[in-house]
Amino acid sequence: EFNLIKQTLADDSIAKAISVDGQNKSMGNILITLNDSTGISENQYVRYSRDASRNWQCSSDLDNNILPLQCESIKGAGE
């Protein structure tokens, strides 16, 4: 279940925070907020979302060239 996800971060982690929201039995979001220790801007994120059909989607405000292939960058969307 989503509400059971908890993560303790190491002091040298590139993740600033990991949070879960919008959760119920089959749907929800996992948001990984990043810090600037790797040369990216602090508070950029990678979000994994699961819909009612239990399909996962990945979105992020990072550039496509550093994201996993299954993730979609929203950077520049609406510009």
Side-chain angles (χ1 to χ4, degrees):
E1 300 289 330
F2 277 113
N3 57 352
L4 299 177
I5 296 174
K6 294 188 190 298
Q7 180 65 44
T8 302
L9 301 173
D11 291 337
D12 61 350
S13 175
I14 65 167
K16 181 177 180 179
I18 299 174
S19 61
V20 176
D21 65 16
Q23 71 269 16
N24 63 34
K25 284 190 171 193
S26 63
M27 298 179 359
N29 303 303
I30 301 171
L31 180 65
I32 305 166
T33 305
L34 305 170
N35 64 41
D36 63 357
S37 66
T38 59
I40 60 173
S41 297
E42 187 168 4
N43 295 323
Q44 286 187 288
Y45 67 88
V46 176
R47 178 187 304 268
Y48 290 93
S49 301
R50 189 168 82 168
D51 62 23
S53 299
R54 298 184 180 202
N55 295 310
W56 286 94
Q57 294 180 331
C58 177
S59 61
S60 177
D61 60 353
L62 295 168
D63 289 328
N64 274 327
N65 62 339
I66 61 174
L67 288 174
L69 292 176
Q70 71 274 19
C71 283
E72 179 180 334
S73 178
I74 63 162
K75 190 171 185 171
E79 291 180 3

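We use all heavy atoms of the structure for the numbers below, so side chains are in, but hydrogens, waters and symmetry mates are not. This one's a predicted model, so the numbers in the text were calculated from it and none came from an experiment.
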Visitor: Does Asp11 have more than 12 heavy atoms from other residues, nucleotides or ligands lying within 6.0 Å of its CG?
Guide: no
Visitor: List in chain and number order the residues that pass side chain to side chain donor-acceptor pair (under 3.5 Å) with Asp61, two or more places apart in sequence or in another chain; answer none if no residue qualifies.
Guide: none
Visitor: Rounded to the nearest 0.5 Å, how far does CG of Asn43 lie from CG of Leu34?
Guide: 9.0 Å
Visitor: Could you state whether Leu62 and Trp56 fall into the same hydrophobic cluster, counting links through intermediate Ile, Leu, Val, Met, Phe, Trp or Tyr residues with side-chain heavy atoms under 4.5 angstrom apart?
Guide: yes
Visitor: Any heavy-atom pair between the side chains of Asp63 and Gln44 that's under 4.5 Å?
Guide: no
Visitor: Nearest 0.5 angstrom please: Glu72 CD to Leu67 CG, how far?
Guide: 10.0 Å
Visitor: Would you confirm whether Ser13, through its side chain, and Ala15, through its main-chain N or O, come within 3.5 Å as a donor-acceptor pair?
Guide: yes
Visitor: Test your reading of the model: is there a side-chain donor-acceptor pair from Asp51 to the backbone of Arg54, 3.5 Å cut-off?
Guide: yes
Visitor: Any chance you could measure Ser60, atom OG, to Leu31, atom CG, to the nearest 0.5 Å?
Guide: 9.5 Å
Visitor: Testing the 3.5 Å rule here: is there a donor-acceptor pair between the side chains of Ser49 and Asn29?
Guide: yes
Visitor: Give me each pair satisfying disulfide bond (SG atoms under 2.5 Å apart) with a member in residues 26-71, each pair once, sequence neighbours excluded.
Guide: Cys58-Cys71
